[in-house]
Amino acid sequence: MTNQEIAKTFWRLADLMEIKGDNPFKINSFRKAARVLENITEDIESICQEGRLQKVPGIGKGIAERISQLVNTGQCQDYEELKKTIPSGLLEVLSIPEVGPKTVQLVWKKLNITTLNQLEEAVKKHKLRDLFRMGEKTEKNILRGIEFLSRRKGRLLLGDAYPLAEQVVNALKGHPQVQKISPAGSLRRYKETIGDIDILVTSSHPQEVMDTFVALPQVKEVLARGPTKSSVLTNLNIQMDLRVVEKESFGAALQYFTGSKEHNIKLREMARGKGLKISEYGVFKGEKKKVAGGEEEEVYAALNLPWIPPELRENLGEIEAAKGGRLPQLVELSELKGDLHIHSNFSDGACSLLELVEKAKKKGYQYIAVTDHSQSLKIANGLSEERLLKQIEEIKKINKRLFNFKILSGAEVDIKADGSLDYPDEVLRRLDLVAAAVHLGFKQTKEAMTERIIKAMRNENVDVIAHPTGRLINQRDEYKLDLERLFEVAKETKTALEINAYPERLDLRDIHCKRAKEYGVKLTISTDAHQESQLDFIKYGVATARRGWLEKEDILNTKDVEELLRWLKGR
DNA sequence: GCCGTTTTCGGCCCGACTGTTTTCAGTCG
């Protein structure tokens, strides 16, 4: 059973218990555990077999026992029992926004509703009106929630949400009554997908700012409008909340609304122990005495902590690291000297070599590696050996004319099903940088896929494994792969692993980056750009690296060009 | 169910907004 499957069981178990009306703290502990399990890169099955489960924070005797059942029998007893008593359609009903466990139970027990369709029908026939605390507005909210669910597939990609937030922030920045402004929430933490967008401003005239906000062209519908908070639905079908706070509370509010929830809960628990109380208005001692609030740094300082970068705020060890003075010096966008995975119009890219160089120079880079597809990837116009050699010659010519900039000849070489590569070694040897990747035959067993990629890594010409897990967010799961083994061999063979910055990929993902670093593996951050504007995706790759605790020295393309070439040759 | 430089028992983050209410429950983040 995979880690994600085990975690999912606990999420569902918690939902079922909630519908049943079980102890909320118990439910919470299952959700906490589910989240911890999702963020483990090691196989939970092995942790279980080695008896190390209870060493994982949030997992005690009870949950360890349930995991052990899942691993050994594929089932967990109380989950199976709950499934028998609670109709499975109610889980979908529970997923409707504004419909919580109490409402689910009410319509189930009073109206015998067990599916989303039944609920929709009942609402339309006004059957909910007779129930306690159910009126016209609630009817409308439920119908809107159902429509929202049917339209939305998963969370929005960071690469879609970020530009939208940027537009809105820039529009409001120009407003004369706006003083400070910042995005908050998962967007500020650069999570790979975004559930809704939070924006925070300070203003002495909140009303006017709200007026401007709800009238923006990106707004499709106004959902709520209070004096300090407005919610709208944007044209990308994602909710956006604007909050106006006092200048004296901006830091506390920013800290609070940036989250994550788990990070904040941990901080509040710490604050409690020190006789402090943290809210979005500030840090308070005793009843009313405010000790911090204007700046985010003050909030952390009140707990004797250094400021923690938003990308780390997931309660995955960052608070303990901050306490012990062990926070990493996270890699910065400005430290990148080049992009090592780009497609040109030789294969399926849109731009010529020169156009790519122009854009890269504008970004302040010293080099790019052009890595077009190899011959067997016909659908992407992969380069035959002959065309690749031609490209190498062309790049040599261009390099002679360039000043303070270098194109590296590269390729994104297919790793075939048997682990062999799509060009012979004598061709690969002529390239500055070889990125190897899997594009076909995803359905192999875990063992076969692991051996396939390891075989490629053992080819001394291969420098980088591109998008190592092959996932496409919201579209395709990663292929089955023993990542721990991959990290081991990457370290041993000095093969770098890529952080692919393309918003659908972000592969390796954050938690894998962290684990790779623990093995001492080097990484690259590259865009996989197919047109020049996509070179700007690099920020999402840097954010992923930062979420994975990576520092400058972990990333190959923070090196100068000579240093990088020396590293590539010296492997 | 988990956890412990106040605790192995008794807590478990905190507040806004909405809708349906004459004082608050439910939901959300």
Side-chain angles (χ1 to χ4, degrees), chain A residues 10 13-14 17-19 21-36 53-67 76 78 94-107 128-142 144-145 148 184-189 191 194-200 222-231 239-245 249 252-253 255-284 299 303-304 315 323:
Chain A
F10 282 99
L13 177 57
M17 289 167 68
E18 200 166 39
I19 293 173
D22 223 314
N23 176 354
F25 297 110
K26 187 170 165 183
I27 294 168
N28 197 20
S29 64
F30 282 126
R31 295 222 165 102
K32 243 182 180 168
R35 196 173 164 278
V36 170
L53 277 175
Q54 289 193 53
K55 291 213 176 80
V56 180
I59 296 182
K61 204 174 154 195
I63 290 176
E65 165 58 25
R66 286 173 177 85
I67 293 173
C76 159
D78 44 7
L94 183 65
S95 71
I96 303 168
E98 308 288 323
V99 174
K102 297 288 153 91
T103 310
V104 171
Q105 204 175 70
L106 191 68
V107 299
L128 270 67
R129 288 282 179 95
D130 310 331
L131 303 178
F132 185 58
R133 279 181 185 278
M134 289 285 169
E136 196 184 344
K137 294 264 180 81
T138 308
E139 275 182 350
K140 272 192 186 156
N141 278 342
I142 292 176
R144 189 169 63 192
F148 183 74
S186 52
L187 190 100
R188 182 164 178 245
R189 305 199 312 279
K191 232 181 140 195
I194 306 294
D196 55 24
I197 299 174
D198 291 299
I199 294 174
L200 206 62
V222 180
L223 301 173
R225 195 169 162 184
T228 64
K229 177 191 159 181
S230 291
S231 292
Q239 187 176 324
M240 191 182 287
D241 295 348
L242 180 75
R243 292 163 205 272
V244 184
V245 300
S249 297
Q255 196 288 320
Y256 175 76
F257 288 112
T258 296
S260 67
K261 188 175 161 188
E262 289 77 12
H263 174 89
N264 285 354
I265 288 175
K266 183 97 179 193
L267 287 188
R268 283 166 187 222
E269 282 170 2
M270 277 178 69
R272 237 167 196 284
K274 294 177 190 287
L276 298 169
K277 192 188 74 169
I278 305 179
S279 76
E280 63 247 56
Y281 297 106
V283 182
F284 298 88
V299 177
L303 299 171
N304 292 325
N315 192 25
K323 224 191 273 181

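Hydrogens, waters and symmetry mates are skipped; everything else that's a heavy atom, side chains included, is used. Per chain, numbering begins at 1; letters A, B, ... match sequence-line order. Nothing here was measured: the structure is a model prediction, and the numbers come from that model.
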Pick the nucleotide of DNA chain B nearest each of P97(A) and K61(A); which residue has the one closer to the 5' end? K61(A)
Under 4.0 Å, heavy atoms only, any strand: does R225(A) hit a base, just the sugar-phosphate, or nothing? sugar-phosphate
Side-chain heavy atoms of Q255(A) within contact of L267(A), under 4.5 Å: yes
Side chains of Q239(A) and D241(A): donor-acceptor distance under 3.5 Å anywhere? yes
Quick check: closest heavy atoms across G21(A) and Q105(A), and the distance to 0.1 Å? N-NE2, 4.0 Å
Would you classify R66(A) as touching base, sugar-phosphate or nothing, given that sugar-phosphate means primed atoms plus P, OP1 and OP2, and contacts are heavy atoms under 4.0 Å? sugar-phosphate
In whole Å, measure the gap between the P atoms of dA16(B) and dT22(B) for me. 22 Å
So what does I278(A) touch, heavy atoms closer than 4.0 Å: a base, only the sugar-phosphate, or nothing? sugar-phosphate
Can you tell me how far P in dG11(B) sits from the matching atom in dC17(B), rounded to whole Å? 31 Å
For atom P, what is the distance between dT20(B) and dG15(B), given to the nearest Å? 26 Å
For dG10(B), which nucleotide is its Watson-Crick or G-U wobble mate, given both distances must be under 3.5 Å? dC3(B)
When you compare dT5(B) with dG1(B), how far apart are their C1' atoms, in angstrom units rounded to a whole number? 24 Å
Sugar-phosphate only, base, or nothing, as touched by I59(A) at under 4.0 Å among non-hydrogen atoms: sugar-phosphate
When you compare dC9(B) with dC14(B), how far apart are their C1' atoms, in angstrom units rounded to a whole number? 24 Å
Checking all strands, does P57(A) fall into the base, sugar-phosphate, or nothing category for heavy-atom contacts under 4.0 angstrom? sugar-phosphate
Indicate, with a heavy-atom threshold strictly under 4.0 Å, whether F30(A) touches base, sugar-phosphate, or nothing. sugar-phosphate
Does the side chain of D198(A) reach to within under 4.5 Å of the side chain of L187(A), using non-hydrogen atoms? no
Within the structure shown, what part of the strands sits under 4.0 Å from N141(A) by heavy-atom distance: base, sugar-phosphate, or nothing? sugar-phosphate
Which residue, A64(A) or K229(A), contacts DNA chain B at a nucleotide closer to its 5' end, judged by nearest heavy atom? A64(A)
Mind checking K261(A) for me? I need base, sugar-phosphate or nothing, with any heavy atom below 4.0 Å counting as a touch. base
Student check: side-chain heavy atoms of L128(A) and I142(A) closer than 4.5 Å: yes
Heavy atoms under 4.0 Å, any strand shown: does S231(A) hit a base, just sugar-phosphate, or nothing? nothing
Looking only at atom P, what distance separates dT6(B) and dC12(B), rounded to whole Å? 16 Å
Side-chain donor-acceptor contact under 3.5 Å, N28(A) with R31(A): no
Would you mind reporting whether K274(A) and N304(A) have side-chain heavy atoms less than 4.5 Å apart? yes
Heavy atoms of chain A, cut-off under 4.0 Å: which first and last nucleotide of DNA chain B, 5' to 3', fall inside that, if you could look? dG1(B) to dG29(B)
So E98(A) and K137(A), salt bridge (Lys or Arg N to Asp or Glu O under 4.0 Å) or not? Walk me through it. CA-CA 11 Å; E98(A) 308 288 323; K137(A) 294 264 180 81; over 6 Å; no
C1'-based separation of dC13(B) from dC28(B) [nearest Å]: 14 Å
